[in-house]
Amino acid sequence: MEEEESNKKPQGCTVKECQNMIQRSLRTPMVKFLMEHMEKAGCKLRDNFIKAGHCEQQMSGGYVRGDGIVVCSNHVELQDHVNQVVIHELIHAYDECRASNLDWSNCAHHACSEIRAGHLSGDCHYKRELLRGFMKIRGHEQECVRRRVMQSVTSNPFCSETAAKDAMEAVWDICYNDTKPFDRAP
């Protein structure tokens, strides 16, 4: 899940505006690449796999097994943010596609997919971090991924803060270095 981190609350946009931004994001190279690799892995994406919706939770979007991806219109304003959410959530969908035994209630499985999504999606690019108010330059990317993994995994009702941290540490190296379907981290 793509959690909100900024202190300033986004105004959001309408569901229709968000749906239009999702359509534009489907034409971006990274989104096209991820969708092509999901198809190659045997996962067909139906037309409404990625949709806009109004979300009660403070998050930008999420992936739900069997339901697809929702981008929270009330928490996104910009095309770039929608693109980021779609990419992040497509990495979760790709992980589930290639690992038939992925269990979102398992803290280690959840942490691994969040590590991969945070690392591979560009969520933790230093410019995004600066905009969120995190000013550290050296070592920021891994620190950001860790922070965002903890935010997401601790929101899982099956994972306490201790369980989330232990799971993240246990799977960190293998999951951080797993760049599939990319040859290397983009």
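Index from 1, following the sequence. What you see is a predicted model; the values in this text were computed from it and never measured.
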Does some side-chain heavy atom of His54 sit less than 4.5 Å from a side-chain heavy atom of Cys72? no
Could you report the tightest heavy-atom contact between Gly68 and Arg46, atom names first, then the distance? N-NH2, 4.0 Å
CZ-CZ distance between Arg116 and Phe182, expressed to the nearest 0.5 angstrom: 8.5 Å
Euclidean distance, His110 NE2 relative to Cys159 SG, rounded to 0.5 Å: 7.0 Å
Hydrophobic cluster identity match, Tyr63 and Leu26, side-chain contacts under 4.5 Å: yes
Any side-chain donor-acceptor pair under 3.5 Å between Asp123 and His88? yes
Separation between CG (Leu34) and OH (Tyr94), nearest 0.5 Å, reads 9.0 Å
I need the Leu45 CG to Glu36 CD distance, nearest 0.5 Å. 11.0 Å
For residues Ser160 and Ala163, report the shortest heavy-atom separation together with the two atoms involved. OG-N, 3.0 Å
Side-chain heavy atoms nearer than 4.5 Å, only ILVMFWY residues, links allowed to pass through others: does that put Met59 and Ile115 together? no
Interatomic spacing from CD1 in Ile69 to NZ in Lys51 - rounded to 0.5 Å: 9.0 Å
Run the salt-bridge test on Arg148 and Glu114 with the 4.0 Å N-O cut-off and return the result as yes or no. no
Heavy-atom check, side chain of Met168 versus side chain of Val153, under 4.5 Å: no
Between Arg65 and Asp103, is there a salt bridge with N-O shorter than 4.0 Å? no
Test His119 against Glu141 for side chain to side chain donor-acceptor pair (under 3.5 Å), laying out the working first. CA-CA 8 Å; His119 178 51; Glu141 199 265 351; 2.9 Å; yes
Polar side chain donor-acceptor pair, Ser113 to His92, under 3.5 angstrom: yes
Distance-only, no hydrogens or angles: does the His75 side chain make a donor-acceptor pair with backbone N or O of Gln57 under 3.5 Å? yes
Nearest heavy-atom contact between Val145 and Trp172 is CG1-CH2, 3.6 Å
Are Phe33 and Val85 linked, directly or through intermediate hydrophobic residues, by side-chain heavy-atom contacts shorter than 4.5 Å (ILVMFWY only)? yes
Asn74 side chain to Cys55 backbone, donor-acceptor under 3.5 Å: yes
Hey, quick one: are Val171 and Ile91 part of the same hydrophobic cluster, counting side-chain heavy atoms closer than 4.5 Å, chains of contacts allowed? no
Does the distance from Cys18 SG to Cys13 SG come in under 2.5 Å? no
Indicate yes or no for a side-chain donor-acceptor contact from Asn83 to the backbone of Thr28 under 3.5 Å, with no hydrogens or angles considered. no
Once rounded to the nearest 0.5 Å, what's the spacing between atom CG of Asn48 and atom CD of Gln19? 9.0 Å
CZ (Arg184) with more than 12 external heavy atoms under 6.0 Å: no
Following the transitive rule for hydrophobic clusters with a side-chain heavy-atom cut-off under 4.5 Å over Ile, Leu, Val, Met, Phe, Trp and Tyr, establish whether Met38 and Val70 coincide in one cluster. no
Between Asn177 (side chain) and Thr179 (backbone), is there a donor-acceptor pair under 3.5 Å? no
Where the side chain of Glu89 meets the backbone of Val86, is there a donor-acceptor pair that is under 3.5 Å apart? no
Would you say that more than 12 heavy atoms from the other residues, nucleotides or ligands in this model lie under 6.0 Å from the CG of Asn101, or not? yes
Working note: Phe49 + Lys44, criterion side chain to side chain contact (heavy atoms under 4.5 Å, CB included); need CA distance, chi angles, decisive distance, verdict. CA-CA 10 Å; Phe49 185 77; Lys44 295 274 185 230; over 6 Å; no
Side chains of Asp80 and Gln84: any donor to acceptor distance under 3.5 Å? no
Salt bridge or not for Lys165 and Glu169, using N-O below 4.0 Å? yes
